[in-house]
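Every chain is numbered from 1 and lettered A, B, ... according to where its sequence line falls, protein lines coming before strand lines. These numbers were taken from a predicted model, which means no experiment stands behind them.
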There are 2 protein chains.
Amino acid sequence: MLGSAAELLEQKNIKPTAMRQLVLDILRNNPQAISLLEIEQQLGHVDRSTVFRTLKTFQENCIIHKIDDGTGATKFALCSEGCSCNLGDLHAHFYCTKCGQTTCLKDHLIEQPVLPEGFNFESANYVIKGICADCR
Amino acid sequence: MLGSAAELLEQKNIKPTAMRQLVLDILRNNPQAISLLEIEQQLGHVDRSTVFRTLKTFQENCIIHKIDDGTGATKFALCSEGCSCNLGDLHAHFYCTKCGQTTCLKDHLIEQPVLPEGFNFESANYVIKGICADCR
DNA sequence: AATTGAAATGCAACAGGATTGCAAATTTAC
DNA sequence: GTAAATTTGCAATCCTGTTGCATTTCAATT
Ligand SMILES: [Mn+2]
Ligand SMILES: [Mn+2]
Ligand SMILES: [Zn+2]
Ligand SMILES: [Zn+2]
């Protein structure tokens with residue numbers, strides 16, 4: 001893993017502002033996917049829209065990917081090194097119905113699906129729901 | 001397929017009120033998954049919360065299943081005859097990024113996933129995104 | 001160092017969807 | 001027919017995401 005958040009940002013040609021470094025640090029330190037609200041709370045007194053736009057920038061540059069786990073609040077997780085956010089990087093996610101945590105299942109890659117004639121694949125969101133190991 | 005909506009409801013031990021029959025008819029006549037708002041609009045002057053609770057009842061009784069296609073608005077589609085909403089009935093869905101339609105891919109069944117040690121499977125939401133046959 | 005233009009931020013407001021409390025109406029049970 | 005339970009309608013609220021705009025920050029240029 002790269003050293004500082006600033007280094008990672010510069011490597012992607014993103015100006016490493018204070019806010020961006022803080023948000024990225026949270027994402028890096030968090031093993032699970034987290035929501036905008038959770039980031040906001042971990043940071044304390046920050047502006048929601050700034051964090052929102054920060055996350056948008058990160059997504060556009062494939063630093064993080066988003067997961068729609070069905071809770072209504074989009075979750076975000078760090079991309080792996082070398083990720084290009086294409087098929088081959090896409091993986092399933094696990095949502096624990098007990099603790100509400102959302103986990104990247106990096107080993108569970110999403111394969112090119114067989115679709116009806118005329119349908120064209122672009123991307124996918126695969127969320128598996130159940131009870132996680134910590135909650136049993 | 002069963003005859004009237006009323007019959008289908010009675011078979012599931014649900015009181016076939018006027019509203020429930022109307023909502024069920026819309027769901028049966030619609031080949032694609034639809035949102036609460038779309039149902040509301042097709043019905044004209046109905047109350048959103050009543051439709052909302054109707055859909056909740058239908059879900060609880062496995063008459064319909066819900067799909068979170070990432071648009072922010074939950075979609076609903078009729079369950080197949082004999083559906084128990086368990087593994088074996090679960091299937092993927094397709095969201096067209098051009099026309100916004102969400103389609104049941106009934107042939108694309110969701111298999112029991114291989115999960116990390118200690119994780120327990122309950123259900124899944126698998127949405128494939130791309131361009132549908134009508135939009136090419 | 002001052003100027004200036006671009007980028008980022010903070011604040012406030014708004015949009016859209018989901019959800020609830022509660023009273024009125026309808027249905028069912030006795 | 002009366003009482004209890006269910007369903008409905010209406011209004012209000014919550015929650016998340018998103019945008020407009022003024023202000024600030026930053027970096028390049030003179
Ligand atoms: Mn992930
Ligand atoms: Mn379906
Ligand atoms: Zn858990
Ligand atoms: Zn389409």
Seminar exercise, completed: Which of A/Ile34, A/Thr54, A/Asn30 passes side-chain contact (heavy atoms from CB on, under 4.5 Å) with A/Ile39? Answer is A/Ile34
What integer distance in Å separates [X]:[atom1] from [N]:[atom2]?
| X | N | atom1 | atom2 | answer |
| --- | --- | --- | --- | --- |
| B/Gln21 | D/dT8 | CD | P | 11 Å |
| A/Phe52 | D/dT19 | CZ | P | 6 Å |
| B/Glu38 | C/dG16 | CD | P | 15 Å |
| B/Asn13 | D/dT6 | CG | C1' | 15 Å |
| A/Gln59 | D/dT18 | CD | P | 9 Å |
| B/Leu36 | C/dG16 | CG | C1' | 12 Å |
| A/Leu22 | C/dG10 | CG | P | 10 Å |
| B/Lys66 | C/dT19 | NZ | C1' | 12 Å |

Exercise. Can we say B/Glu122 and A/Lys129 salt-bridge, meaning some charged N sits less than 4.0 Å from an Asp/Glu carboxylate O?
Worked result: no
Exercise. So which pairs with a foot in residues 103-136 of chain B pass ring-ring contact (aromatic ring centres under 6.0 Å, His included), sequence neighbours left out?
Worked result: A/Phe94-B/Phe119, A/Tyr126-B/Tyr126, B/His108-B/Tyr126
Exercise. Considering the options B/His65, B/Gln32, B/Lys75, which one meets the side chain to side chain donor-acceptor pair (under 3.5 Å) requirement together with B/His93?
Worked result: B/His65
For this session: Inspect the surroundings of NZ in A/Lys12 and state if more than 12 heavy atoms from other residues, nucleotides or ligands are less than 6.0 Å away.
Result: yes
Problem set entry | B/Thr71 or B/Lys15, whichever maps to the more 5' nucleotide of DNA chain C | B/Thr71
For this session: Could you give me the CA-CA distance, side-chain angles and deciding distance for B/Leu37 and B/Gln41, then say whether side chain to side chain contact (heavy atoms under 4.5 Å, CB included) is met?
Result: CA-CA 6 Å; B/Leu37 181 66; B/Gln41 289 171 340; 3.9 Å; yes
Pick out the pairs of N or O atoms, protein on one side and nucleotides 10-15 of chain D on the other, that lie under 3.5 Å.
from, atom 1, to, atom 2, distance (Å)
D/dC10, N4, B/Ser49, OG, 2.9

Problem set entry | Phosphate OP1/OP2 of C/dT27: any B/Thr17 side-chain N/O under 4.0 Å | no
